[in-house]
Amino acid sequence: MSMIRRSSAEFLGTFWLVFGGCGSAVLAAAFPQVGIGLLGVSLAFGLTVLTMAYSIGHISGCHLNPAVTVGLWAGGRFPAKDILPYVLAQLVGAFAAALVLYVIATGKADYSLAVNGLAANGYEAHSPGQYSITSALMIELVLTFFFVLVILGSTDRRAPAGFAPLAIGMALVLIHLISIPVTNTSVNPARSTGPALVVGGWALQQLWLFWLAPLAGGLAGGLAYRALAEEAPAKPAITGQAESST
């Protein structure tokens with residue numbers, strides 16, 4: 001596939017991730033009486049990745065996340081020269097989705113960006129559970145590490161074929177179930193950047209953490225899987241071995 005097609009797939013996939021995941025949080029999570037709550041938002045994020053993995057995985061690999069792109073590079077699955085165009089496409093897709101979501105959300109008379117937000121990620125006063133910066137750094141790093149580990153493991157040619165999107169989507173559901181109260185869940189710098197650019201202020205000031213921790217976790221996850229699973233080179237044949245053993 002050409003880079004234009006692959007980048008376009010990453011743009012659309014990341015748009016779907018942010019629009020579906022953040023959209024569920026902004027529009028449906030607390031809807032009176034029938035809101036989907038934390039479990040519903042977690043499922044929404046997982047379903048966006050699952051559906052896109054089946055839809056565009058054969059085109060771009062369905063990264064949708066700079067931390068995943070870096071992790072796949074560290075794991076020996078992705079060329080360094082393609083990192084920048086993938087990350088740019090992911091960022092543009094995330095920002096476009098955040099803008100569209102904002103336009104939809106403002107169609108409700110009592111919606112306020114300052115009060116209702118746009119599912120931006122944060123810590124301390126802007127953490128849903130008022131968690132510290134240390135807690136936010138730790139959980140984002142650890143969860144991104146394991147997310148990349150799941151991605152690399154489930155897409156390994158030795159893994160059962162056809163099930164990778166399910167494993168990756170369910171992993172993202174689990175990640176959100178664990179960490180929404182702590183940071184509103186990022187594990188994805190693009191997902192964090194899109195809403196932060198619309199919200200501005202505190203969201204932009206705290207955005208550095210949601211680049212640093214996921215990128216570090218993704219890099220570590222890629223290196224760890226490579227160390228665990230990389231096949232050892234075949235031993236060279238020793239001339240005369242058969243003769244000497246007889």
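Nothing fancy with the numbering, it's 1 onward along the sequence.
Annotation: side chain to side chain donor-acceptor pair (under 3.5 Å) contacts of S24 (sequence neighbours excluded): none. For T185, the side chain to side chain donor-acceptor pair (under 3.5 Å) test picks out S179, with sequence neighbours left out. Residues satisfying the salt bridge (charged side-chain N to carboxylate O under 4.0 Å, His left out) test with K81, not counting sequence neighbours, are none. For R226, the salt bridge (charged side-chain N to carboxylate O under 4.0 Å, His left out) partners at least two apart in sequence or on another chain are E230. Evaluation of the ring pair (Phe, Tyr, Trp, His ring centres under 6.0 Å) rule for W208 yields no partner, not counting sequence neighbours.
Screening residues 96-124 for ring pair (Phe, Tyr, Trp, His ring centres under 6.0 Å), with sequence neighbours left out, gives no hits. Residue pairs meeting the ring pair (Phe, Tyr, Trp, His ring centres under 6.0 Å) criterion with at least one partner in residues 148-192, sequence neighbours excluded, are F45-H176. Each ring pair (Phe, Tyr, Trp, His ring centres under 6.0 Å) pair with one or both residues in residues 179-202, not counting sequence neighbours, appears once here: H126-W202. Screening residues 2-38 for ring pair (Phe, Tyr, Trp, His ring centres under 6.0 Å) gives F15-F19 as the qualifying pairs, with residues at least two apart or on separate chains. Screening residues 52-62 for side chain to side chain donor-acceptor pair (under 3.5 Å), with sequence neighbours left out, gives E10-S60.
A distance of 7.5 Å separates CG in L197 from CG in L207, rounded to the nearest 0.5 Å. Between atom CD1 of residue I59 and atom OG of residue S7 there is a gap of 12.0 Å, rounded to the nearest 0.5 Å. Rounded to the nearest 0.5 angstrom, I175 CD1 and I180 CD1 are separated by 11.5 Å. In this structure, T155 OG1 and Y225 OH are separated by 7.0 Å, a value rounded to the nearest 0.5 Å. Here the straight-line distance linking atom OG1 of T183 with atom CD1 of I178 works out to 11.0 Å at 0.5 Å rounding. In this structure, I168 CD1 and M170 CE are separated by 11.5 Å, a value rounded to the nearest 0.5 Å.
Among all heavy-atom pairs drawn from A9 and I56, the shortest one is O-CD1, 3.1 Å. Residues A105 and V26 share a closest heavy-atom pair of CB-CG1, 4.1 Å. Of all the heavy atoms in A29 and V41, the pair that sits closest is CB-CG2, 3.8 Å. Closest heavy-atom contact between A190 and A94: O-CB, 3.1 Å. When every heavy atom of N188 is checked against every heavy atom of P66, the shortest pair comes out as OD1-CD, 3.5 Å. P195 and C22 get closest at one heavy-atom pair: CG-SG, 4.1 Å.
V148 and L212 fall into different hydrophobic clusters, where Ile, Leu, Val, Met, Phe, Trp and Tyr side chains are chained together by heavy-atom contacts under 4.5 Å. In the hydrophobic clustering of ILVMFWY residues, with side-chain heavy atoms under 4.5 Å counting as a link, L27 and V18 come out apart. With hydrophobic clusters built from ILVMFWY side chains whose heavy atoms lie under 4.5 angstrom apart, F78 shares a cluster with F147. If you chain together hydrophobic residues whose side chains sit under 4.5 Å apart, L174 and L39 fall into the same group. Under the 4.5 Å side-chain contact rule for hydrophobic residues, L152 and L219 share a cluster.
Connectivity analysis of hydrophobic side chains (ILVMFWY, heavy atoms under 4.5 Å, direct or indirect) links L84 to L88.
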- Message: L113 vs L118, test: side-chain contact (heavy atoms from CB on, under 4.5 Å). Steps then yes/no.
- Response: CA-CA 7 Å; L113 185 62; L118 208 65; 4.2 Å; yes

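Counting heavy-atom neighbours within 6.0 Å of I4 CD1, excluding the residue itself, gives a total of 12 or less.
The closest donor-acceptor contact from the side chain of R191 to the backbone of G21 lies at 3.5 Å or more, if one exists at all. Proximity of a side-chain donor or acceptor of E140 to a complementary backbone N or O of S186 within less than 3.5 Å is detected. Remark: side-chain polar atoms of T106 are paired, donor with acceptor, to backbone N or O of V103 under 3.5 angstrom.
Contact check for N121 versus Q206: no side-chain heavy atoms found under the 4.5 Å cut-off. Side-chain contact between S127 and N184 is absent, with no heavy-atom pair separated by less than 4.5 Å. The side-chain heavy atoms of L172 and L50, taken from C-beta on, include no pair separated by under 4.5 Å. When side chains are defined from C-beta on, K108 does not count as touching N116, because their heavy atoms never get closer than 4.5 Å. Here the side chains of P181 and L38 are in contact, with some heavy-atom distance below 4.5 Å.
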Result block: side-chain N/O donor-acceptor pairs under 3.5 angstrom for residues 67-76, not counting sequence neighbours:
from, atom 1, to, atom 2, distance (Å)
T69, OG1, H63, ND1, 2.9
T69, OG1, N65, O, 3.3
T69, OG1, Q90, NE2, 3.1

